[in-house]
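A short write-up of the structure that comes next.
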Amino acid sequence: MRLRFAPSPTGPLHIGGVRTALYNYLLAKKTGGTFVLRIEDTDQTRYVAGAEKYILEALQWLGLQVDEGPETGGPYGPYRQSERKDIYRAYVEELVAQDKAYYAFDSAEELDAQRRAFQEKGLPPFKYDAKQRMQMRNSLSLSANETRSLIESGAPYTIRLKVDPGEEILINDRIRGEVRFKSEELDDKILFKADGMPTYHLANVVDDHLMKITHVIRGEEWLPSTAHHILLYRAFGWEEDMPAFAHLPLILKPTGKGKLSKRDGLKLGIPVFPLSWKGESEEESFKGFREFGFDPRAVVNFLAFLGWNPGTEQEIFTIEGLIAAFSLDKIGKAGARFDYDKALWFNQQYIQSSDDTQLAKQIAPILAKHGHHAEPAWLEKFCHLLKERVSLYPEFWEQGKYLLEAVREYDSKTVRKKWKPERRPLFLKLAEELEQLDNFTAESTEQHVKAFAERHELKIGEIFPLLRVALTGTTRGPGIFDIMELLGKKESIQRLQTAFNSF
RNA sequence: GGCCCCUUCGUCUAACGGCUAGGACGCGAGAUUUUCAUUCUCGAAAUAGGGGUUCGAUUCCCCUAGGGGCUGCCA
């Protein structure tokens, strides 16, 4: 099997595109096939510098290794459509020669005017089709001489597919089953633009054929134009070994109607792109899943389940597991709503099951950003204490910064409720006793504090919360004796004394 | 407007035409815990509506409603 992911470098790859890439990758790998990356940069007006690099980086971050592509190379290159211009021209000229396509000289302005005129008359939208084409300026309505002289004079032209009425087009979609179209409903699609570039439709069909693509997995928005693509395969005589089609359901907004857009990310403060993107303006710049603190494994797992399920109750999958379990007939038909809470849950699962060494490596750069450079061994303990209570990587810092920095303020409510000034000497004595301990471990300190409580007839609830606030400033977090061990004797005692003297 | 696709708890979804429609996220309650979190237990929560076909429809067919996509010299 040969599958391809064929994005257009018009901006950052959004999450729907990532899922399409993932499904293509999974199916390719499942069958020991090839995953091809093809850059569809046929629209130079929408080309965005850096977008191709972004796509590459995103795929790499997610671990979707490209077997053939613009950087990797391969036997069917080049893999950038802009570098294949001449190929398309040759093929489309062949279609013209066979009377399956024709030259059209109508300018964009003329077509615009035509559309407006139809609208003003209250007619259904103008369609450049078999009914209308003889009213337009093209090699079908003009004489051969007129056509020739127009072309020789350098008049700009497009090449359109000649769609004749009376043909039945049957799409055997691997997800949706049989979908039928009638050719008289279809327009004469432009195959070749006046600027010498092919349109998506031409380039896509020619490339999929030439690159021996066996399965086309793409978004549902392509389903209507698939009829044209089949007509093209037919015109080229390639219908016999046409790829199988599978049209994916769309990813919908978390709330409200419509498909997920970059606006939703901005509005809801959630990532909708894999990586950050620096656009022209603030409005055009986004943080991605990576910058939010997601693990790529979690993103892959989450995305895989947006529109697909394995048919079992298992939800946590490695990429290898996904490859083994994946199949097209388990893909749903309905649009899937983007559920950020579920994404967070997946990430939490991955963090919890990561070992401390792995986490420490992940967290070190985040702490470094805040000016802290901890020993690996210490960092591992730090991660161990916090990993059960975070779902994103940066939360290690947010929830554990008191382990690296001095406490600035104490939770006043706890102090007010629990602190009795007359017990100050008692608490200072506790601190002093703890300082005398030889081995300052979580076990030994806990044992000592409990014994101390008993000796002085204090309840645990009268001591523990105050210790916590004294050490961390907050009322929540890992076990206080674990915290003490991690802080070390000197720092712990100092914090206790400072706090008890200032409460 | 035309064409096409879709419709099971709030969300992601499972259920050869046949058990009390299952699981997960989220939500609520409880247990555990010095706290928070984790973990565990329990709970509320769905077949869009109407017709058929059938001994029997979530499942098959039709209609309606709703949602989505396409209708560019964009992909």
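Per chain, numbering begins at 1; letters A, B, ... match sequence-line order. Side chains included, hydrogens not; waters and symmetry mates left out as well; all remaining heavy atoms used.
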Exercise for review: Please state how far atom CG in A/Asn301 lies from atom P in B/C25, giving the value in whole angstrom units.
Suggested key: 13 Å

**Study point:** Test item: side-chain donor near acceptor, A/Ser82 and A/Asp41, under 3.5 Å
**Key:** yes

Study note, to complete from the structure: A/Gln399 CD to B/U35 C1', in whole Å, measures 13 Å

**Study point:** Below 4.0 Å: OP1/OP2 of B/A14 and any side-chain N or O of A/Lys330
**Key:** no

Review point. Hey, does A/Phe192 reach any base, or is it just sugar-phosphate, or nothing, if we go heavy atoms under 4.0 Å?
Key: nothing

Practice item. Please state whether the phosphate of B/C74, meaning OP1 or OP2, lies under 4.0 angstrom from any side-chain nitrogen or oxygen of A/Thr45. Key: no

Practice item. Using atom CD of A/Gln114 as one end and atom P of B/C73 as the other, report the distance to the nearest whole Å. Key: 13 Å

Check your understanding: What is the distance from atom OG1 of A/Thr474 to atom NZ of A/Lys401, rounded to the nearest 0.5 Å?
Key -> 11.0 Å

Check your understanding: Is NZ or CZ of A/Arg133 both nearer than 6.0 Å to the six-membered ring centre of A/Tyr128 and within 45° of the ring axis?
Key -> no

Exercise for review: For A/Gly477, report the nucleic acid contact type (base, sugar-phosphate, nothing); a contact means any heavy atom under 4.0 Å.
Suggested key: base

Check your understanding: A/Gly307 near the nucleic acid: base, sugar-phosphate alone, or nothing, with a heavy-atom cut-off under 4.0 Å?
Key -> sugar-phosphate

Study note, to complete from the structure: Any strand, both distances under 3.5 Å, Watson-Crick or G-U wobble: B/U41 pairs with B/A29

Exercise for review: Remember a base hit wins even if backbone is also touched, and classify A/Gly258 as base, sugar-phosphate or nothing at under 4.0 Å, heavy atoms.
Suggested key: sugar-phosphate

Practice item. Name the nucleic acid region contacted by A/Ala194, choosing base, sugar-phosphate or nothing; use a 4.0 angstrom heavy-atom cut-off, strictly under. Key: base

Exercise for review: Check every strand shown and say whether A/Ser107 touches a base, only sugar-phosphate, or nothing at a heavy-atom separation below 4.0 Å.
Suggested key: base

Study note, to complete from the structure: Rounded to the nearest 0.5 Å, the CG atom of A/Leu260 sits from the CG atom of A/Leu252 at a distance of 8.5 Å

Check your understanding: What nucleic acid atoms does A/Lys182 come within less than 4.0 Å of, heavy atoms only: base, sugar-phosphate, or nothing?
Key -> nothing

Review point. Paired with B/G1: which nucleotide, if any, by Watson-Crick or G-U wobble criteria at under 3.5 Å for both distances?
Key: B/U71

**Study point:** A/Arg180 vs B/C5: side-chain N/O to OP1/OP2 distance below 4.0 Å
**Key:** no

Practice item. Could you give the distance separating B/C12 and B/C4 at their C1' atoms, to the nearest angstrom? Key: 25 Å

Check your understanding: At under 4.0 Å between heavy atoms, what does A/Asp187 touch on the DNA or RNA strands: base, sugar-phosphate, or nothing?
Key -> nothing

Exercise for review: Look at all strands and tell whether A/Ala108 reaches a base, only sugar-phosphate, or nothing, counting heavy atoms closer than 4.0 Å.
Suggested key: base

Point to revise | Sugar-phosphate, base or nothing in reach of A/Tyr200, heavy atoms under 4.0 Å | key: base

Exercise for review: Using the ring-ring contact (aromatic ring centres under 6.0 Å, His included) rule, pick out the option among A/Phe294, A/Trp277, A/Tyr393 that qualifies with A/Phe289.
Suggested key: A/Phe294

Check your understanding: Touch check for A/Pro124, heavy atoms < 4.0 angstrom, all strands: base, sugar-phosphate only, or nothing?
Key -> nothing

Exercise for review: Give A/Leu250 one of three labels, base, sugar-phosphate or nothing, depending on what nucleic acid heavy atoms sit under 4.0 Å from its own.
Suggested key: sugar-phosphate

Every protein N/O within reach of nucleotides 37-45 of chain B N/O, cut-off under 3.5 Å:
from: B/A37; atom 1: O2'; to: A/Glu388; atom 2: O; distance (Å): 2.4

Check your understanding: Which part of the nucleic acid, if any, lies within reach of A/Pro254 when heavy atoms closer than 4.0 Å are counted: base, sugar-phosphate only, or nothing?
Key -> nothing

**Study point:** A/Lys333 vs B/U13: side-chain N/O to OP1/OP2 distance below 4.0 Å
**Key:** no

Exercise for review: Taking the six-membered ring for Trp and the single ring otherwise, decide whether the centroids of A/Tyr23 and A/Phe326 are under 6.0 Å apart.
Suggested key: yes

Practice item. Have a look at A/Arg337 and say if it touches a base, only the backbone sugar-phosphate, or nothing, with a 4.0 Å heavy-atom cut-off. Key: sugar-phosphate

